[in-house]
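Quick notes on the structure that follows.
Indexing begins at 1, ligand by ligand and atom by atom, following the structure's order.
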Amino acid sequence: MKKLITTCLLCLAPLTASLAEDGKYHDGDVVLDEAMVPPYDLPPVLVTSEGKAVKTPEEWFNVRRPQILSLFGNLIYGIVPSPELPIQTTFEVLKTDSGFMGGRATRKDVKIKFANARGSADMTILVFTPNAAVKPSPAILQLSFANTKDDGHDVHPEKPGFLRNGIPLSEMLQRGFGYVVVSQGALVRHNEVEFQSGIHPLFYRTNQSFPKANEWGCIAAIAWSASRALDYLETDRDIDARRVAILGHSKMGKTTLWAAAQDQRFALAISAQSGCAGAALWKRNYGENMEKMVTRFPYWLCRNAWKFVRNEDDLPVDQHMLLACIAPRPVYVHSGVDDTWADPRGEYLGAYHASEVYRLLGKKGLTSETSPPVGEAIIQSDVGYHNRPGGHSIELFDWLKFLEFAEYHLVKK
Ligand code: GCU
């Protein structure tokens, strides 16, 4: 396989070198100037692949949404293959600490184990629940870059109410929310290129040792793990599994959208600075593009996605259609002004164009094509958004807006 990757990267290299010459790209071969954004057409979200207008919620749910999910599955993220041998899943509560954060929360470390005759893999998730709140509690499930096994998830020694890794846990507890951490690296490596460890071998068919071109890359595998965490939460009486908001930043923001688009049990999705393959539109071609994505991270997406390198125009989908698959459940998109690699304007437009489907389903979407002023959050809409000054991170300001959105839609409304 290594050979295939090397060959493929080599065949992309000359294309990269010629980008600046054809006048289309600049700033080191990506567009980072609004004036250089090429004209583009978005595929219509409410027209079926057969060219028929989608006019009712039934047509959306029965025809168009499945078509769109299949396109994203087969061309962008990769579908989850059907394992040849059934996989047994078991849940084990490894530890319970009911006196966490001075008795304000209970922390459970839960091991989810997968096994069949091909092998086994496991992930440990953390579940924090507010001791003083009415149970079962709604929860924020964060897809995290942090490893739940070597922590950072203990109480911050100097910042009261925060976890050592900076998560404002008390803000969640105060609003009656639980907090669940699912680690991205549990079942698949961050920049996986070999697919010989973790969850993959359990899924392989006889004579298979690598995902097929339309089968899951890293993002799809992590999205699958989020659904397995939700399977556990459905058995945990302290959590209301019907009110779980999934949240992630950057690569995990992309994963959040793919997980929520497919698994309708997620009640709400918050996608922070997800950029390329997240909320940002491919066809705008601003900031990171398909070429950058697959050359730097060859298997975050599936292998079929490589066909669209410098050819995003040929994609039969764009990312507004992914967000639309989350409808009618609320979705929040977050950008940072200086996070140009992730294309803040493209992220807004992804959310804006998804709003068409929210309206068809009787929900509130974004109504203006113009991005809102920096620092202003749109909360009381089923498609929410904010862009704040600064770069690629989740700041306390962002957390507060995310929680406001989750509380408004899952508790107050
Ligand atoms: C890289 C990558 C982005 C991604 C980011 C992250 O910058 O190009 O697409 O969002 O890493 O996950 O932090």
task = Dump the intermediate steps for salt bridge (charged side-chain N to carboxylate O under 4.0 Å, His left out) on K401 and D398, then the final yes or no.
result = CA-CA 5 Å; K401 295 300 167 199; D398 305 319; over 6 Å; no
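Applying the side chain to side chain donor-acceptor pair (under 3.5 Å) test to K413 and every residue at least two apart in sequence or in another chain returns D382, H409.
For R242, the CZ atom sits in a loose shell: 12 or fewer heavy atoms of surrounding residues, nucleotides or ligands are nearer than 6.0 Å.
Under 4.0 Å from any atom of ligand 1, one finds heavy atoms of residues F145, S250, K251, K254, E288, M293, R296, F297, W300, W341, H392.
Residue pairs meeting the ring-ring contact (aromatic ring centres under 6.0 Å, His included) criterion with at least one member in residues 75-94, sequence neighbours excluded: Y77-W258, F91-Y232. Among residues at least two apart or in separate chains, ring-ring contact (aromatic ring centres under 6.0 Å, His included) pairs with a member in residues 323-347 are Y332-H386, Y332-F402, Y332-F405, H334-H386, H334-F402.
Between W399 and F162, a ring centre-to-centre spacing not shorter than 6.0 Å is recorded.
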